[in-house]
Amino acid sequence: MKKILALALAAVMLFAFAACGQTAEKEVLTMGTNAAFPPYEMVDENNNIIGIDAEIAAAVAEKLGMELEIKDMAFDSLITAVSSGAIDVVLAGMTVTPERAEAVNFSDSYATGIQVVIVAEGSAIATIDDLAGKKIGVQSGTTGDIYCAGDYGEDAVARYDNGALAVQALQNGQVDCVVIDNEPAKAFVEANEGLKILETEYITENYAAAIAKENVELLEKFNTALAELKAEGKIDEIVGKYIKAE
Ligand code: GLN
């Protein structure tokens, strides 16, 4: 009898162990981002990366039965990281551009962004037309950087590792303005005295997730999950949590 009990116990333990093993083996979805782009990604007081992109990726991962892991890196290293397989997917308020689409596949778009101009209150810059001949602060490798360097020349742009540093340079008078996406622009202007966003907008663009060219399977799964989340109203819910309608 004792023997049977022991055997039964061993069987139960083995079963429990196997079940445990299965959850521990949950596949990891590694997302790369640059966590200085509020409200899409930022670091909270507990050092967790939060924001719209983090929550969308978490919702997609949940649908795929995967566990989300987020890596914070420089914005201009994200495309290389995803194409080399160091990360599985980029969600970084990343704009779909033809040049990037040569290196990676983009998912369906989940948000739009607008390039805007931040200036100091009382600045002589009143519209986009006043940017010629000015020093423009940008985040290195972003579309703001690419467009401004293209429109006003390499010498016109001063490149920073993230938007916050570009805004700091504006406050220190090292640049005349900052070109950056509208939502982070709002967050930076709110957090810093004496800045404003120009009424005239520069360019409207689409944000999407970037996935390695070879990883067609993940691209399809990501798009399916994203479509479901859109249909369920989950994407709107996440965006609404961080961006209040005006
Ligand atoms: N949307 C811009 C781009 O893709 C900026 C993104 C960012 O700074 N995280 O270049």
Side-chain angles (χ1 to χ4, degrees), residues 30-44 49-57 70-83 87 89-118 128 131 136-152 154 156-170 175 177-192 197-198 201-212 235 238-239 242-243:
T30 311
M31 159 186 154
T33 198
N34 175 244
F37 196 72
Y40 287 91
E41 37 270 334
M42 59 259 189
V43 179
D44 74 3
I49 296 174
I50 58 161
I52 295 170
D53 285 336
E55 290 206 26
I56 290 178
I70 305 181
K71 284 191 185 166
D72 190 12
M73 47 185 83
F75 183 81
D76 57 11
S77 66
L78 288 166
I79 295 270
T80 316
V82 77
S83 20
I87 53 174
V89 62
V90 174
L91 274 91
M94 183 174 273
T95 303
V96 179
T97 71
E99 293 75 22
R100 288 172 183 165
E102 279 175 24
V104 293
N105 281 331
F106 280 106
S107 73
D108 296 330
S109 180
Y110 60 84
T112 52
I114 305 166
Q115 294 298 313
V116 296
V117 186
I118 308 177
I128 300 287
L131 288 193
I136 307 165
V138 295
Q139 180 182 359
S140 186
T142 60
T143 47
D145 177 2
I146 297 160
Y147 301 146
C148 288
D151 288 349
Y152 305 103
E154 279 289 317
V157 298
R159 299 189 167 99
Y160 298 90
D161 279 346
N162 60 53
L165 290 174
V167 169
Q168 213 175 73
L170 174 60
V175 296
C177 63
V178 169
V179 170
I180 194 164
D181 304 48
N182 58 328
E183 287 303 332
K186 279 193 231 161
F188 290 135
V189 166
E190 219 164 273
N192 294 276
I197 299 171
L198 292 190
E201 293 160 350
Y202 194 19
I203 285 169
T204 300
E205 29 191 45
N206 289 315
Y207 293 167
I211 294 170
I235 301 292
I238 293 170
V239 171
Y242 290 94
I243 300 176

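No experiment lies behind these values; they were computed from the predicted model shown. Every number for a ligand or one of its atoms is a count from 1 in the order of the listing. These values consider heavy atoms only, across backbone and side chains, with no hydrogens, waters or symmetry-generated copies.
- Counting atoms of ligand 1 from 1 in the listed order, those under 4.0 Å from a heavy atom of Q139 are 7 (C), 8 (O).
- Checking only distances, G93 does come within under 3.5 Å of ligand 1, N or O to N or O.
- Judged by the shortest distance from any of its heavy atoms, G113 lies outside the 4.0 Å radius around the atoms of ligand 1.
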Pair Y242, E55 - check side-chain hydrogen bond (donor to acceptor under 3.5 Å, both in side chains), show working.
CA-CA 10 Å; Y242 290 94; E55 290 206 26; 2.7 Å; yes
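- Outside the 6.0 Å centre-distance limit, the rings of F37 and F75 are not counted as a close aromatic pair.
- Here the heavy atom of the protein found nearest to atom 9 (N) of ligand 1 is A92 O, 2.8 Å.
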CA sep, side-chain torsions, deciding dist, call: D181, Y40, side-chain hydrogen bond (donor to acceptor under 3.5 Å, both in side chains):
CA-CA 11 Å; D181 304 48; Y40 287 91; over 6 Å; no
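- Each of the atoms 1 (N), 2 (C), 5 (C) of ligand 1 lies under 4.0 Å from some heavy atom of D181.
- By the 3.5 Å distance cut-off applied to N or O atoms, Y207 is not counted among the residues near ligand 1.
- Proximity of R100 to ligand 1, defined as any heavy-atom pair under 4.0 Å, is confined to the side chain (atoms from C-beta onward).
- For ligand 1, the atoms lying closer than 4.0 Å to a non-hydrogen atom of E205 are 1 (N).
- In this structure, of Y40, Y147, F37, the residue bringing a heavy atom nearest to atom 7 (C) of ligand 1 is F37.
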Apply side-chain contact (heavy atoms from CB on, under 4.5 Å) to residues I52 and I243 and explain how you reach the verdict.
CA-CA 9 Å; I52 295 170; I243 300 176; 3.7 Å; yes
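- Here the straight-line distance linking atom OG1 of T97 with atom CD of E102 works out to 8.5 Å at 0.5 Å rounding.
- Of the inter-residue distances, the one linking I70 atom CD1 with D53 atom CG reads 9.0 Å to the nearest 0.5 angstrom.
- Applying the 4.0 Å criterion to heavy atoms of M94 picks out, from ligand 1, the atoms 4 (O).
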Hey, mind stepping through I203 and T143 against side-chain contact (heavy atoms from CB on, under 4.5 Å) and telling me if it holds?
CA-CA 9 Å; I203 285 169; T143 47; over 6 Å; no
Test log, rule side-chain hydrogen bond (donor to acceptor under 3.5 Å, both in side chains), inputs D161 and Q139
CA-CA 6 Å; D161 279 346; Q139 180 182 359; over 6 Å; no
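- Among protein heavy atoms, the minimum distance from atom 10 (O) of ligand 1 is reached at T143 N, 2.7 Å.
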